[in-house]
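One-based numbering along the sequence shown. Computed from heavy atoms alone, side chains included, the values below leave out hydrogens, waters and symmetry copies.
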Amino acid sequence: MFFMEFWDYPMFREIYRCTGSGAMLIQTDMGIQEKLRILSDAAKYDVSCSSSGVARKGKKGGLGNTLAAGICHSFAADGRCISLLKILYTNQCIFDCKYCINRRSNDVVRTAFTPDEVCTLTVEFYRRNYIEGLFLSSGILHSPDYTMNLIYQTLTQLRERYRFNGYIHVKAIPGADPALVERVGYLADRMSVNLELPTAEGLRNLAPGKTRARILAPMRQVQRGIAAQNLNRLEDRRFQRPAREIGMADSAAHPGRSVWRQYQDQGRSFVPAGQSTQMIVGATPESDFQMIQVAEALYRNYDLKRVFYSAFVRVNDDSMLPALPGGPPLLREHRLYQADWLMRFYGFEARELLTEKRPNFNVLLDPKCDWALGHMEWFPVEVNRADYGTLLRVPGIGVRSARRILAARRSSALDFPALKKMGVVLKRAMYFITCSGRMLQTVPMNENFITSQLVGAEHKKAWDIENHDSYRQLSLFDDYQVAAPVSQEDKVSVITGSL
């Protein structure tokens, strides 16, 4: 019996402190604010949260709504949602993953929310305009089924009792009963299952309690559930007849059971914003080529919306973990995101960006520039005649600017000032395009020369990424090298703006 009507609430007033030699139970009473401090801090290493992809209007008697490009009415400059309540349900975990701060052998304070507390925090924060939605993850408390059931009860209460209609992103727990995953999928907008590490060998070494098969099973279930739902809707519109009950019952991951009719009658969709995952960058020795190959396979075979990359942070002292004397590999993470974008929106394949002979990205050039410099036979491109796919291969031309070029050149020939107005980044594109047969400047079509020009701009970006925590007032003669430690006076000057 997986669906519990009540919980042993006094259990959640216990805080666990685990040590390598065993578990010590500390009986104490912790307030909701202290729990929030602990469990929001514990959730910061999970970057697999994305809020785009679902639109739902507010309803009379309900609370909240969502927009397809984000949630509610708050957007970041790059289109992402800027405010989600991001918490763990509990930081107690039965696994001992070597890279995780919440592993069972760590000596950290353990606590857990109750379903009422998660609902109270979400609704009260929403009413105060602090957030537009909820991102709920969790450690594994007792078992995957037990944890997934608590998440299900929380979302049921939030949706039905509190009438919360805002955005919810939740974790599907690997190993949990498919019936629980299915029910949660009808209450959440997006679900995610963290792949954690790109290879099965990496999981065996650093996360011995997890297996690739267990992680991929709920991914496949969510994919098939979304596909079955879309098929139902397509057939409904085509034949103008009542929806028939396909649902998750047709999934090999969940045979013979479906709650599709129950939630369809309530007007709910199954994971309408799709699913995502996360991979840790730098904890294991896999190359960039291996990582983007895995991401490409996930997009192709599991219909994922996003693959997130998280630079490894050494939070545990373990001989199996890399030392990372230079800190987390933030620049490498950045390059992987850029390559991921190229695969999702620009038509690139992993094998075009990297090979086994050249398995890692150039830290001084973004992947698109690096690819272009290795394929100079493609260039220069005449913007007044090139097709859409060719324009997307030009550094400095993005999806929007390529579409604007196609629309504008129907009426007149384009020149460089017009391209600039359309959003083309000419400082990169100028080496690869012509307008009516002319380049912006006379430059040699030489790989070494163009590389030297592009690396100058990229060098500053690379330094900014690797040294984002540095405090320093820049000068006209700055070479981006911080030789001396930053003084307290300099920190105050940067923060206050006074010189």
Side-chain angles (χ1 to χ4, degrees), residues 47-48 98-99 194-207 210 212 215-216 276-302 304 306-314 320-379 392-395 428 432 447-448 450-452 454-455 457-459 461-463 465-466:
V47 300
S48 180
K98 299 182 184 302
Y99 50 81
N194 284 355
L195 192 64
E196 306 287 5
L197 298 168
T199 63
E201 182 182 359
L203 279 176
R204 283 194 298 270
N205 293 334
L206 299 187
K210 300 179 180 179
R212 179 61 62 88
I215 293 172
L216 294 180
S276 58
T277 192
Q278 169 185 287
M279 286 192 289
I280 301 172
V281 180
T284 47
E286 291 86 7
S287 65
D288 294 341
F289 183 44
Q290 288 175 290
M291 298 202 73
I292 62 174
Q293 277 188 312
V294 171
E296 185 178 56
L298 290 172
Y299 287 129
R300 182 178 299 157
N301 301 326
Y302 291 85
L304 263 66
R306 288 292 304 274
V307 173
F308 291 86
Y309 306 90
S310 178
F312 171 65
V313 179
R314 189 184 170 96
M320 295 289 291
L321 298 175
L324 296 180
L330 298 176
L331 184 55
R332 184 183 176 194
E333 174 195 290
H334 181 60
R335 294 289 181 240
L336 287 168
Y337 271 117
Q338 290 177 319
D340 188 273
W341 203 264
L342 293 179
M343 293 190 298
R344 292 167 60 215
F345 299 110
Y346 288 75
F348 283 84
E349 295 182 2
R351 62 183 179 180
E352 294 182 275
L353 298 172
L354 292 174
T355 64
E356 292 182 359
K357 294 181 179 179
R358 194 173 69 90
N360 295 303
F361 289 112
N362 187 336
V363 295
L364 295 179
L365 283 174
D366 72 77
K368 193 176 183 183
C369 286
D370 197 30
W371 175 87
L373 289 168
H375 296 79
M376 293 301 295
E377 68 276 8
W378 281 56
F379 305 104
L392 287 181
R393 300 259 164 165
V394 177
R428 291 200 295 273
F432 304 98
E447 179 181 345
N448 293 332
I450 298 175
T451 300
S452 67
L454 293 174
V455 165
E458 282 296 318
H459 182 61
K461 293 180 183 178
W463 187 92
I465 292 170
E466 294 287 9

Heavy-atom side-chain contact between M291 and V294 under 4.5 Å
no
Flag, side chain of Y99 to backbone of L321, donor-acceptor distance under 3.5 Å:
no
Name the one of E286, R204, R212 that satisfies side chain to side chain donor-acceptor pair (under 3.5 Å) with T199?
E286
Of the non-hydrogen atoms in M343 and A295, which two are nearest, and what is the gap between them?
CE-CB, 4.3 Å
Which value, rounded to the nearest 0.5 Å, describes the distance between R351 atom CZ and I292 atom CD1?
12.0 Å
To the nearest 0.5 Å, what is the distance between CG (L354) and CZ (F361)?
4.0 Å
At their closest point, which heavy atom of F348 faces which heavy atom of L353, and how far apart are they?
CD2-CD2, 3.7 Å
Under 4.0 Å between a side-chain nitrogen and a carboxylate oxygen: does that hold for D370 and R335?
no
Can you tell me if N194 uses its side chain to pair, donor with acceptor, with the backbone of E196 under 3.5 Å?
no
Checking R332 side chain against V363 main chain: does a donor-acceptor pair fall under 3.5 Å?
no
Under 3.5 Å: donor-acceptor pair, side chain of K368, backbone of V394:
yes
Give, for atom CG of L454 and atom CG of L373, the distance between the pair rounded to the nearest 0.5 Å.
6.0 Å
Quick one: closest heavy-atom pair of R314 and P322, and the distance?
NH1-O, 2.8 Å
Closest approach of L304 to Y299 (non-hydrogen atoms, all atoms of both residues)
O-CD2, 3.3 Å
Minimum heavy-atom separation for I450 and F432, please, with both atom names.
CG2-CZ, 4.0 Å
Between R344 (side chain only) and R306 (backbone N and O only), is there a donor and an acceptor less than 3.5 Å apart?
no
Between P367 and A339 the two heavy atoms that sit nearest each other are CG-N, 4.0 Å
For the atom pair OG1 (T284) and CE (M320), what is the distance rounded to the nearest 0.5 Å?
10.5 Å
From I280 CD1 over to F308 CZ, what is the distance, rounded to the nearest 0.5 angstrom?
14.5 Å
Go through the steps for L336 and M279 under the test side chain to side chain contact (heavy atoms under 4.5 Å, CB included), then give the verdict.
CA-CA 11 Å; L336 287 168; M279 286 192 289; over 6 Å; no
If you draw a 6.0 Å radius around CD in E201, do more than 12 non-hydrogen atoms from other residues or ligands fall strictly inside?
no
Donor-acceptor pair, Y302 side chain versus L216 backbone, under 3.5 Å?
no
For a 4.5 angstrom cut-off between non-hydrogen side-chain atoms, does L342 reach E352?
no
I'd like to know if the side chain of E296 reaches the main chain of A350, judged simply by a donor and an acceptor atom lying under 3.5 Å from each other, with no hydrogens or angles considered.
yes
Should the ring pair W341 and F345 be called parallel, tilted or perpendicular, given that the plane angle runs from 0 to 90° and is split at 30 and 60?
tilted
Kindly compute the distance separating OG1 (T277) from CD1 (I215), expressed to the nearest 0.5 Å.
7.5 Å
